Amino acid sequence: MQIVNMKDRPNACRLLAQWHYEEWKELYPTDTEETFYRDLQKSLGADDIPSTWLMVDGETILGSCSIIEDDMESRQDLTPWLANVFVHPDYRGQGLGSKLVNAVMQKARDIGLQRFYLFTEDQTALYQKLGWTVHEEMLNNGIPVTIMRVDFA
């Protein structure tokens, strides 16, 4: 298995957009699969933020994880964010999500980020094991979420 930048596999955008939309459409009720696709395409530019990383096994995409400027309309004051943490259901339960998050956290350190945020509906304990702390609890489009942060200093 490898972690590769989506810039090296731009054709993955459409598939990831489908997966992400199905996984998170309740959290983003005004977005469409096309919205997810356009957001992922932003990771194909020259900048480090946004960037999307893929966990692959040969040509098979197992999951994704992104570094983005913002992930919540109501919390534009927090930046940057770990987002799009996704492991395809066929590959869950093998620790791949943790490996993917750890790899992207290292990418964030490598580009000089000092602090990083994420939000989760139900994976607080997993992220705490990876060094994240609870920043606050809130509703995102009516759904309870936990905002977490990690400091790299």
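Here the structure is a predicted model, which is why all the values come from computation and not from measurement.
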Any donor-acceptor N/O pair, T79 side chain to E69 backbone, under 3.5 Å: yes

Nearest-0.5 Å distance, CG of residue N5 to CG of residue L54: 7.5 Å

Check: L82 and V150 side chains under 4.5 Å, non-hydrogen atoms: no

side-chain hydrogen bond (donor to acceptor under 3.5 Å, both in side chains) partner of Y28, chosen from T35, N141, D71, N140: D71

All salt bridge (charged side-chain N to carboxylate O under 4.0 Å, His left out) counterparts of R9, not counting sequence neighbours: none

With D39 via salt bridge (charged side-chain N to carboxylate O under 4.0 Å, His left out) - residues at least two apart: K42

Under the salt bridge (charged side-chain N to carboxylate O under 4.0 Å, His left out) test, residues paired with E34 that sit two or more places apart: R14

Residues forming a side chain to side chain contact (heavy atoms under 4.5 Å, CB included) with R109, sequence neighbours excluded: M105, Q106, F152

Nearest-0.5 Å distance, CE of residue M55 to OG1 of residue T60: 13.0 Å

Parallel, tilted or perpendicular, as decided by the 30° and 60° cut-offs, for the rings of H88 and F86: perpendicular

Sequence-distant partners of K25, salt bridge (charged side-chain N to carboxylate O under 4.0 Å, His left out), two or more places apart: E22

Which donor-acceptor pairs under 3.5 Å do side chains of residues 120-134 form with protein atoms, sequence neighbours excluded?
unit_1, atom_1, unit_2, atom_2, d
T120, OG1, D122, N, 3.3
T120, OG1, Q123, N, 2.9
T133, OG1, R149, O, 3.4

Close side-chain approach of F36 to D31, heavy-atom, < 4.5 Å: yes

